[in-house]
Amino acid sequence: MTLFTIRSAKVVVTLLRFTQKKSSVVATVAQQRWLSTSTGVCKDESKYGYDLIVIGGGSGGLACAKEAVANGAKVACLDFVKPTPHGSKWGLGGTCVNVGCVPKKLMHQASLLGEALYDAQAYGWEIPDAENIRPDWGKLVQSVQNHIKSINWVTRVDLRDKKIEYLNGLGSFRDPHTILVKMKNSTERTVSARNIVIAVGGRPRYPDIPGAELGITSDDLFSLDKPPGRTLIVGAGYIGLECAGFLRGLGYEATVMVRSIILRGFDQQMANMVADSMVEHGVKFIHKSIPQSVEKTIHNTYLVKYINVETQEEGCEEYDTVMWAIGRKGLVEDLDLPSVGIELENDKILVNDAEQTNVSNIYAVGDITYGRPELTPVAIHAGRLLARRLFGNSTQLMDYCNVATTVFSPLEYACVGMSEEDAIRDHGEDNVEVFHGFYKPTEFFIPQKSVRYCYVKAVAERSGDQKVLGLHYLGPVAGEIIQGFAAAIKCGLTMKTLMNTVGIHPTTAEEFTRLNITKRSGADPTPASCCS
């Protein structure tokens, strides 16, 4: 299994139980093809208004809608955003564009530029009064929001140009082919389609504690109308760590409260190194603790009372901002799924390998599906492939194995494939070889930046040419490094091939080609030289 395939026995059993209730995936794909004509579309406009209705205007839903139209289908796309408890709302495009990947990466870049100011002086740049340079939070937010709004506009225009009907309303099922749409202007409309795709995604969870409504989430942070100041982020998943990292880089005190482990689901050696590198960058951590309450003080700060889950020791601290990053919930409550009998696991929709629910003409893609990687590119690719199967005579299924991802922490972490723990669990410790090494990015030398946590790791089979099971990288521009290696992993990369690949010098990516020390050997993985 890879990092992003289903791990727990509970999930496996649940999906097996669901799959057994359905025909085989081969039959499902055949059925999807049967619903298409030789031209790619099976239209019955006398019975249904559309060939496809997509509920959700995020990355996965939009990709599916556009691909369906490209294959000749008549498509409608519904999208509606409920404001957060703090009143934050946004336009068409979903989480990634509005309150996820895009604004996160922009603010991460802003924090890196602040760090670069100090590096530049070491390289000979004269920056007057550099110590007193501070970011303008309001200007940063405005710039980020202007970019987001430009994407919202381009997306609207794209739907119009592709003749996809956009319905700015909240949809709920009336029967397997019919959706009641409560429009933004308070009117109602009923629409129908032969096939329906649910791509509504999810929203952040709030804890069930007194004062939880006083905290914000990532849905609010990128449009916050005042500097966040001293901030507590509750939750140590990638969203929590990324937000804590760029806030600290922008000069705000950031603390992460961790209930159990850092970056659950990721390689734990790498996860702990990410956290240690963040401490080195000035981020604070409160470990093994959960909040008990939040109270607003007379100073307009927030008093957070918390307890250590192991020692039961209680503590409290005041913060200017409290942010919840404790996970996300699927947006199923407004869909009225019980009316059509769609099966759920918690608040996610169960689908088979063809993205089909237990109701044959209803599908789901993206973060709303159970047991799938909650990543934008995954939703996009799954949506496109589904549309091609429905309307383009394709049989290709989405491959959820070896999906690469990046945590945009101050020192970035990217990976593809299996964690060390998963490889040992699935293959046995005696059958796994772990190659690793620290390295020194050339650009870090002159400003004397810390290289303590710059590290690469390859998890491989021990026998034969040693097929690579997973690659892990902690260092600058991590996503740019791992993306290319992800394709190599898909092609069956081996350590023999990797070691016989000539690196590009001087780069950090070449460190993978220099790997030759194994954990089993006990040899020192610290490099003695960069050029030999």
For side chain to side chain contact (heavy atoms under 4.5 Å, CB included), just list the numbers for V456 and L474, CA-CA rounded to whole Å, side-chain angles, deciding distance to a tenth of an Å, and then say yes or no.
CA-CA 6 Å; V456 293; L474 184 55; over 6 Å; no

Between [Y] and [X], is there a salt bridge with N-O shorter than 4.0 Å?
| X | Y | value |
| --- | --- | --- |
| E314 | K305 | no |
| K296 | E213 | no |
| D320 | K226 | no |

Determine, stepwise, if the pair D220 / T84 fulfils side chain to side chain donor-acceptor pair (under 3.5 Å).
CA-CA 7 Å; D220 306 293; T84 71; 2.6 Å; yes

Give the minimum heavy-atom separation between [X] and [Y], together with the two atoms involved.
| X | Y | value |
| --- | --- | --- |
| E374 | Y238 | O-OH, 3.8 Å |
| R203 | D219 | NE-OD2, 2.7 Å |
| Q121 | A130 | NE2-CB, 3.4 Å |
| G57 | L92 | O-CD1, 3.8 Å |
| W137 | L221 | CZ2-O, 3.6 Å |
| G171 | L335 | O-CD2, 3.6 Å |

Looking only at atom types and distance, does a side-chain atom of [X] sit under 3.5 Å from a main-chain N or O of [Y], one as donor and one as acceptor?
| X | Y | answer |
| --- | --- | --- |
| Q268 | I262 | yes |
| W324 | V234 | no |
| Q356 | D353 | no |
| S289 | I286 | no |
| S339 | D336 | yes |
| H472 | M418 | yes |

If you measure only the distance, is there a donor-acceptor pair under 3.5 Å linking the side chains of [X] and [Y]?
| X | Y | result |
| --- | --- | --- |
| K519 | Q269 | yes |
| Y453 | Y413 | no |
| T508 | Y473 | yes |

What pairs with [X] under salt bridge (Lys or Arg N to Asp or Glu O under 4.0 Å), at least two apart in sequence or on another chain?
| X | result |
| --- | --- |
| R452 | none |
| R230 | E253, E317 |
| K82 | D334 |
| R264 | none |

If you draw a 6.0 Å radius around [atom1] in [X], do more than 12 non-hydrogen atoms from other residues or ligands fall strictly inside?
| X | atom1 | value |
| --- | --- | --- |
| E318 | CD | yes |
| E313 | CD | no |
| Q109 | CD | yes |
| D129 | CG | yes |
| Q448 | CD | no |

What pairs meet the ring-ring contact (aromatic ring centres under 6.0 Å, His included) rule with one or both residues in residues 86-118, with sequence neighbours excluded?
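The answer is H108-F408.
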
Would you indicate whether the side-chain heavy atoms of [Y] and [X] approach each other to under 4.5 Å?
| X | Y | value |
| --- | --- | --- |
| I53 | V197 | no |
| P476 | E412 | no |
| I482 | C415 | no |
| P103 | N98 | no |
| V294 | L303 | no |
| Y252 | T321 | no |
| V81 | D79 | yes |
| P135 | L140 | no |

Residues R189, V191; criterion side chain to side chain contact (heavy atoms under 4.5 Å, CB included); working and verdict:
CA-CA 7 Å; R189 177 179 172 183; V191 291; 3.6 Å; yes

Report the C-alpha distance between L350 and N358 in whole Å, list the side-chain angles of each, state the deciding distance to 0.1 Å, and finish with yes or no for side chain to side chain contact (heavy atoms under 4.5 Å, CB included).
CA-CA 8 Å; L350 288 167; N358 61 301; over 6 Å; no

Sequence neighbours excluded, every pair satisfying side-chain hydrogen bond (donor to acceptor under 3.5 Å, both in side chains) that has a member inside residues 270-280
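The answer is E280-S450.
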
What do the steps show when you test N152 against T155 for side chain to side chain donor-acceptor pair (under 3.5 Å), and what is the final call?
CA-CA 5 Å; N152 297 149; T155 304; 5.8 Å; no

side-chain hydrogen bond (donor to acceptor under 3.5 Å, both in side chains) involving [X] - partner list, sequence neighbours excluded:
| X | value |
| --- | --- |
| D136 | none |
| Q292 | none |
| T95 | R328 |
| T376 | none |

Those residues that, when tested against E310, pass side-chain contact (heavy atoms from CB on, under 4.5 Å) (two or more places apart):
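For E310 the side-chain contact (heavy atoms from CB on, under 4.5 Å) partners, ignoring immediate neighbours, are K288, N308.
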
Listed partners of K449 passing side-chain contact (heavy atoms from CB on, under 4.5 Å), at least two apart:
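Per chain and number, K449 pairs via side-chain contact (heavy atoms from CB on, under 4.5 Å) with E115, D119, F444, P447.
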
Run the numbers on I196 and I179 for side chain to side chain contact (heavy atoms under 4.5 Å, CB included), then give the verdict.
CA-CA 9 Å; I196 296 174; I179 302 295; 3.9 Å; yes

Give the ring-plane orientation class for F246 versus F222, where under 30° counts as parallel, over 60° as perpendicular and anything between as tilted.
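Correct class here is tilted.
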
Is there a side chain to side chain donor-acceptor pair (under 3.5 Å) between Y400 and R372 once you walk through the steps?
CA-CA 8 Å; Y400 290 97; R372 299 284 167 80; 3.0 Å; yes

Are Y319 and Y302 an aromatic pair by the rule of ring centers under 6.0 Å?
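Not under 6.0 Å, so no.
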
Residue that, paired with I368, satisfies side-chain contact (heavy atoms from CB on, under 4.5 Å) out of I55, V332, D347:
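Result for side-chain contact (heavy atoms from CB on, under 4.5 Å) with I368: V332.
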
